[in-house]
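One structure is given below, encoded as structure tokens.
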Number of protein chains: 2
Amino acid sequence: MTGPRARTRIQARNSGTILDAALDVFSQFGFRGATLDQIAERAGLSKPNLLYYFPSKEAIYVALLDALMHAWLDPLRALTHDGEPVEEVLDYVRRKLEMSRLYPRESRLFANEILQGAPRILDRIEGELKTLVDEKAALIRTWVAEGRLAPVDPYHLVFSIWATTQHYADFDVQVHRVLGQDGDAPYPEAERFLTHLYRAALTPAR
Amino acid sequence: MTGPRARTRIQARNSGTILDAALDVFSQFGFRGATLDQIAERAGLSKPNLLYYFPSKEAIYVALLDALMHAWLDPLRALTHDGEPVEEVLDYVRRKLEMSRLYPRESRLFANEILQGAPRILDRIEGELKTLVDEKAALIRTWVAEGRLAPVDPYHLVFSIWATTQHYADFDVQVHRVLGQDGDAPYPEAERFLTHLYRAALTPAR
DNA sequence: CGTGCCGCTGACCATTTGGTCAAACAATCA
DNA sequence: TGATTGTTTGACCAAATGGTCAGCGGCACG
């Protein structure tokens, strides 16, 4: 995470530090709940110093969302017509689950933004995101038409994959408390379950 | 929604109005992002008047969570060993989806709280919620052991049902924008999809 | 080695925020 | 009606918040 137009190496380092600290704070408290002082403290910089690198609180937030948006859709982009349909979708599920495991803060940041009505990212959702989903939905439809996938609504399939995988990042606390395991990771079990869930639902009837 | 210990009918009416307005605001902005002024305005009352009925901002928030928690678990409580296992679970899915449709603000309030680490509701999660889930997980395990349900991890099954159903309330904006339908409700399609998903995954192999 | 630009900060500011309080106002009931 | 209790509010406060600015220090390079 380099930040906007890092010319010197100090700029690269510090704007990276700021964005990382901001991700911590924004992902936990949302845009309005987060404060510049919190971010500054976590970054180990002074508040005016933050505002030397970014013009405003909102600019930091938007920079994060921008950086996130593209990477966030990568797993879905990788869904191609190359392989066996059921396994292609299962691979997507695994990639998405891996994203939740590796980047829970990013998932929460995104969730927070959407929860609040996505005021600062609506255009990206209606543009980039919708376009990509439309494209993949069409691909899924052809698979269904060819009888290589059970007949399902592609959009709601994608929604359910987003929901089930991101759940482990966004609702992390709840998952851990309900499972009662203190340090143990729920991800291996989750992957097993989701694999069964989607394989059963997508394998076409013979 | 009556509020805490309404003695007079004015108290009942006003604390109800306050909680309803607070649900609007808290569910959209989270605890830290919401302001008393916003709540007061939406309730049509003055800010000091709010604080006549509730001792603090946090008290309003906690009152909401308390009122919500019990009702929120009702659909799961209704999962009993009376009927056919697969249909019992499917009924649970439908009830939970209905909750998202009818009470999206409550769903978002809850989601916001969990996203932020559940600081004011952790005990209820480790107590009431975990107890109930443990109980129903045991029931599901017996169904699996009897061969009346496909072998699945009961906890992750419950997580996935929460995730997929609440998704339609919490990520409402995203769902609507991606589907591109402006006033149309996605719920009938969602119910059809989720029914297929869970029926396929839970029906035991013959 | 000096000069100029990049990086940084303490002090400050206006606004917002949660919360208080005394006093005014309304409802109830003897 | 009058006394008592319940309800409402304008004015106010201290703290927190996003943001500004003049100036200081240091690094880089001619």
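Chain A is the first sequence line, chain B the second, and so forth, proteins listed ahead of strands; every chain is numbered from 1. If you're wondering where the values come from, they're calculated on a predicted model, not measured in any experiment.
- As rounded to whole Å, 14 Å separates atom C1' of C/dT17 from atom CD1 of B/I60.
- To the nearest angstrom, P of D/dT7 lies 13 Å from CG of B/L45.
- When the C1' atom of C/dT17 is taken as reference, atom CD of B/Q38 falls 11 Å away, rounded to whole Å.
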For A/S160 and A/Y198, run side chain to side chain donor-acceptor pair (under 3.5 Å): C-alpha distance rounded to whole Å, both residues' side-chain angles, the deciding distance at 0.1 Å, then the answer. CA-CA 10 Å; A/S160 83; A/Y198 287 107; 2.8 Å; yes
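- A salt bridge does not link A/D170 with A/R108: every distance from a Lys NZ or Arg NE/NH1/NH2 to an Asp or Glu carboxylate oxygen is 4.0 Å or more.
- In terms of phosphate contacts, B/N14 brings a side-chain nitrogen or oxygen within less than 4.0 Å of OP1 or OP2 of D/dT8.
- Here B/Y52 does not reach the OP1 or OP2 of D/dT8: none of its side-chain N or O atoms lies under 4.0 Å away.
- In this model, the phosphate group of D/dT7 is approached by a side-chain N or O of B/Q11 to a distance below 4.0 Å at OP1 or OP2.
- Salt bridge annotation for A/K47-A/D37: present, with a cationic side-chain nitrogen under 4.0 angstrom from a carboxylate oxygen.
- In this structure, A/Y53 places its OH atom 18 Å from P of D/dG19, rounding to the nearest Å.
- Residue A/L50 contributes atom CG, which lies 12 Å from atom C1' of C/dT9 at whole-angstrom precision.
- Nucleic acid contact class of A/A59 (heavy atoms, under 4.0 Å, all strands): none.
- Salt bridge annotation for A/D20-A/R105: present, with a cationic side-chain nitrogen under 4.0 angstrom from a carboxylate oxygen.
- Side-chain contact of B/Y168 with B/H176: a donor-acceptor pair under 3.5 Å is absent, judged by distance alone.
- When heavy atoms are screened at a 4.0 angstrom cut-off, B/A40 is found touching no nucleic acid atom at all.
- Among residues at least two apart or in separate chains, salt bridge (charged side-chain N to carboxylate O under 4.0 Å, His left out) pairs with a member in residues 119-128 of chain A are A/E58-A/R120, A/D66-A/R124, A/R77-A/E128, A/R124-A/E128, A/E126-B/R177.
- Within the 4.5 Å cutoff, side-chain heavy atoms of B/R94 are placed close to those of B/T195.
- Spacing between atom CG of A/D37 and atom P of C/dT9 amounts to 14 Å, rounded to whole angstrom units.
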At under 4.0 Å between heavy atoms, which parts of nucleotides 19-28 of chain C does protein reach? Answer with one letter per nucleotide, 5' to 3': B base, S sugar-phosphate only, - none. BBB-------
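- Between A/I39 atom CD1 and D/dT17 atom P the separation is 11 Å, expressed in whole Å.
- For the pair A/F29 CZ and D/dA16 C1', the computed distance is 15 Å after rounding to whole Å.
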